[in-house]
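Step one of this worksheet: look at the structure below.
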Amino acid sequence: MLLGYLKKKIRYIGNSGNAQGAAGQKPAETQGEWVAESLEENLSSLKNILSNSTDIKIHKFRFGPNRCFSGALVFIDGLVDNRTLTQAILWPLMSWQPEGSRSSAGRQLLETIGEDVLCAGEVGIQLSLQGLVSGCLMGDTAVLVEGCAAGLVVNTKGWEKRSVTEPQSETVVRGPREGFTENLRTNTALIRRKIQNGKLRVEMMKVGRKTHTNVCLLYLDGVADPKVVEEVKYRIGRIQTDAILESGYIEEFIEDAPYSPFSTIWYTEKPDVVAGCMLEGRVAIVVDGTPFVLTVPMLFIECFQTAEDYYNRPLYASLMRMLRYLAFLIAVYAPAVYIALTAFHQELIPTRLLLTIANAREETPFPGFVEALIMLLAFEILREAGIRLPRPVGQAISIVGALIMGDAAVSAGLVGAPVVITIARTAVAGFLIPNQNDSISILRVVMMALAWFAGWYGISMGTMAVLFHLGSLSSFGVPYFDGFSRGSYMEDTFVRMPIWSMIRRPKGIARGDVVRQGPYFPSLRPFESRDRNDEGTEKATEEEKGHE
């Protein structure tokens with residue numbers, strides 16, 4: 001068995017090396033032909049590459065002195081801004097009257113047009129047809145001229161996009177209400193507004209052999225760990241897939257523990273959260289086409305921290321954070337504790353409560369584990385129905401369905417009222433930690449099964465296994481449980497200390513510039529009485545009048 005494992009490992013390393021080597025080479029589909037001098041030949045080649053699609057628009061025109069030059073614009077309808085196309089390209093070219101010494105041809109003509117004529121913010125020269133096609137597919141316009149063995153790619157992007165609104169998944173009472181959109185440049189601009197620093201690095205990558213999705217890495221140079229930055233680039237560069245349609249694709253390819261119920265990559269819709277993560281030394285991954293931005297490395301304590309913790313006063317924020325820890329324990333252990341008490345440890349239940357539970361379960365045909373499983377299944381069905389259906393219908397079904405199903409199940413004697421109360425509290429507590437909903441759902445069922453088989457002993461063994469698993473996880477070289485093992489994190493773990501006391505960044509994440517602020521001690525000296533100030537001001541005014 002050991003020899004077979006070594007063979008598989010060697011084969012895997014060999015395949016990874018081949019994949020990495022192939023990634024460094026230019027893909028076959030990007031090795032296009034060179035741009036010819038004949039305009040008609042170039043247009044015919046572009047039509048063949050783009051499969052003569054109906055949304056491909058080709059506009060031929062003549063420009064220059066006495067309309068001596070022939071040209072054509074190639075763009076995709078719906079991806080360009082027609083106003084920019086007219087004002088930045090067509091109008092300057094049609095009104096251009098060069099001097100006799102400047103009426104050149106060939107490559108020099110294209111350079112003159114790009115530098116002196118066009119009024120676009122970004123103009124580039126492409127020598128290959130595939131480069132022109134890539135530009136058109138991203139919303140740019142290709143400019144071709146007769147007799148020029150090259151083409152210009154002009155930035156005319158102008159597709160429809162959603163405006164910046166409040167994120168639906170992370171609503172706050174106090175704090176910024178803006179959220180990311182599906183547009184990559186809008187998202188990077190939102191982050192730039194939060195961190196106006198020249199050391200903010202923005203690096204672009206393309207992932208997906210068919211979709212060519214833009215993936216952007218953002219980090220603070222001098223704060224983020226260079227090893228983590230290189231590791232993120234390496235993992236994303238090794239992705240060999242046809243499509244990247246959402247940041248969840250990237251997450252599955254680059255996460256450290258793909259088979260763990262706990263996520264090792266954080267995601268959010270709020271620019272202020274991403275800015276805060278980057279200021280601690282993390283790397284942000286922005287994917288074009290999705291409002292969810294990834295940040296790495298991730299710690300387990302991040303699941304219990306919210307942006308609103310740092311906008312409210314520290315005492316209230318600390319109480320809310322401890323409430324989330326309690327809600328996590330309730331969401332995972334409440335059904336298991338109920339099953340263990342009713343099946344194995346009835347002596348731990350107060351007598352009156354035990355009699356109440358016994359009366360409620362007297363006519364139920366199923367054991368406690370089956371009752372809890374039935375109610376959990378019903379709750380998951382209602383939750384999915386509330387999410388998938390239209391919002392007015394989904395809310396009505398969730399409320400009415402929960403009332404009818406819960407009351408009907410108790411009245412029919414299928415489940416007992418204590419089980420319904422326990423599952424209801426469990427479900428509500430799970431909503432306080434939305435980023436751990438997946439792991440909570442899995443751990444809840446596992447703990448229920450262990451409690452049914454072994455009572456408190458089973459719950460204890462399951463808890464130890466979960467703690468060992470959390471201790472073995474890491475996120476891009478940073479221990480996943482690091483927040484509970486280092487003293488430097490304790491000021492922002494179970495409680496949230498005042499912001500002026502958080503002088504250093506997290507040691508396990510930040511490198512280089514680890515000091516975020518200077519020492520500060522709030523003044524405890526009270527202000528002088530306003531009455532005294534007013535009296536002093538009045539006396540000074542009277543003295544000034546006397547001198548006059």
Side-chain angles (χ1 to χ4, degrees), residues 167 169-170 172 175-176 178-180 184 187-197 199-203 215-229 231-233 235-236 247-248 250-251 254-256 262-287 290-311 317 321 433-436 474-483 486 488-489 491-493 496 499 502 504-517:
S169 61
E170 298 178 72
V172 295
E178 57 189 5
F180 289 118
L184 179 69
N187 295 341
T188 56
L190 289 173
I191 299 175
R192 281 279 187 187
R193 285 183 55 198
K194 300 293 181 183
I195 306 177
Q196 300 177 15
N197 193 298
K199 291 188 177 182
L200 177 60
R201 300 290 181 257
V202 180
E203 300 183 9
V215 178
C216 196
L217 304 183
L218 294 94
Y219 60 94
L220 274 174
D221 190 18
V223 176
D225 189 351
K227 295 182 179 179
V228 174
V229 176
E231 182 67 19
V232 173
K233 294 179 184 178
R235 295 189 187 185
I236 295 179
S247 57
I250 299 290
E251 181 180 357
I254 67 174
E255 62 183 346
D256 289 78
F262 297 95
S263 175
T264 56
I265 297 178
W266 183 257
Y267 66 90
T268 181
E269 282 189 88
K270 293 178 63 62
D272 56 322
V273 175
V274 174
C277 292
M278 294 174 60
L279 289 170
E280 289 185 347
R282 292 177 174 86
V283 180
I285 305 172
V286 184
V287 181
T290 176
F292 290 94
V293 174
L294 308 177
T295 59
V296 294
M298 175 189 173
L299 302 180
F300 182 67
I301 58 174
E302 291 185 59
C303 303
F304 305 94
Q305 299 171 346
T306 63
E308 209 166 0
D309 288 349
Y310 305 93
Y311 308 143
R321 184 171 296 180
I433 314 99
N435 293 88
Q436 286 291 343
S474 64
S475 177
F476 288 83
V478 179
Y480 193 59
F481 230 36
D482 207 4
R486 288 177 182 259
S488 60
Y489 287 97
E491 60 190 13
D492 195 21
T493 301
R496 203 274 284 175
I499 294 179
M502 302 179 187
R504 293 181 174 272
R505 310 180 204 274
K507 292 182 179 179
I509 298 176
R511 292 291 186 273
D513 184 11
V514 298
V515 179
R516 72 174 93 198
Q517 62 190 8

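The first residue in the sequence is number 1, and the count goes up from there.
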| task | Check whether the side chains of Thr295 and Glu302 place a donor and an acceptor atom closer than 3.5 Å, and report yes or no. | result | no
Quick one: does [X]'s side chain have a donor or acceptor within less than 3.5 Å of a partner on [Y]'s backbone?
X      : Y      : value
Arg504 : Val515 : no
Glu170 : Gly179 : no
Arg505 : Ala510 : no

Under the side chain to side chain contact (heavy atoms under 4.5 Å, CB included) rule, collect the residues that match up with [X], sequence neighbours excluded.
X      : value
Glu308 : Val172, Val173, Arg174, Thr306, Asn312
Thr264 : Glu255, Asp256, Ser475, Tyr480
Arg193 : Glu178, Leu190

Within this structure, what is the [atom1]-[atom2] distance for the pair [X] and [Y], rounded to the nearest 0.5 Å?
X      : Y      : atom1 : atom2 : value
Thr493 : Ile301 : OG1   : CD1   : 4.5 Å
Ile236 : Ile254 : CD1   : CD1   : 5.0 Å
Ile250 : Ile285 : CD1   : CD1   : 7.5 Å
Ile191 : Phe180 : CD1   : CZ    : 4.0 Å
Gln305 : Tyr310 : CD    : OH    : 3.5 Å
Asp492 : Ile499 : CG    : CD1   : 9.5 Å

| message | Please determine whether a side-chain nitrogen of the Lys or Arg among Lys227 and Glu231 lies less than 4.0 Å from a carboxylate oxygen of the Asp or Glu. | response | no
| task | Could you tell me which residues satisfy side-chain hydrogen bond (donor to acceptor under 3.5 Å, both in side chains) with Ser169, sequence neighbours excluded, listed by chain and number? | result | Glu269
| task | Could you give me the CA-CA distance, side-chain angles and deciding distance for Asp225 and Arg511, then say whether salt bridge (charged side-chain N to carboxylate O under 4.0 Å, His left out) is met? | result | CA-CA 5 Å; Asp225 189 351; Arg511 292 291 186 273; 3.7 Å; yes
| query | For Asn187 and Thr290, which heavy atoms make the closest approach, and how far apart are they? | reply |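 For Asn187 and Thr290, the tightest heavy-atom pair comes out as ND2-O, 3.7 Å.
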Would you say the side chain of [Y] lies within less than 4.5 Å of the side chain of [X], judging by non-hydrogen atoms?
X      : Y      : value
Gln436 : Phe304 : no
Asn435 : Ser263 : no
Asp513 : Lys199 : no

| ring-ring contact (aromatic ring centres under 6.0 Å, His included) against Phe292, all qualifying residues, sequence neighbours excluded | Tyr267
All N/O donor-acceptor pairs, side-chain side in residues 270-280, below 3.5 Å, sequence neighbours left out:
| residue | atom | partner | partner atom | Å |
| --- | --- | --- | --- | --- |
| Lys270 | NZ | Pro176 | O | 2.9 |
| Asp272 | OD2 | Tyr311 | OH | 2.5 |
| Glu280 | OE1 | Arg282 | NH1 | 2.4 |

| request: Flag yes if more than 12 heavy atoms outside Lys233 fall under 6.0 Å of its NZ atom; otherwise flag no. | output: yes
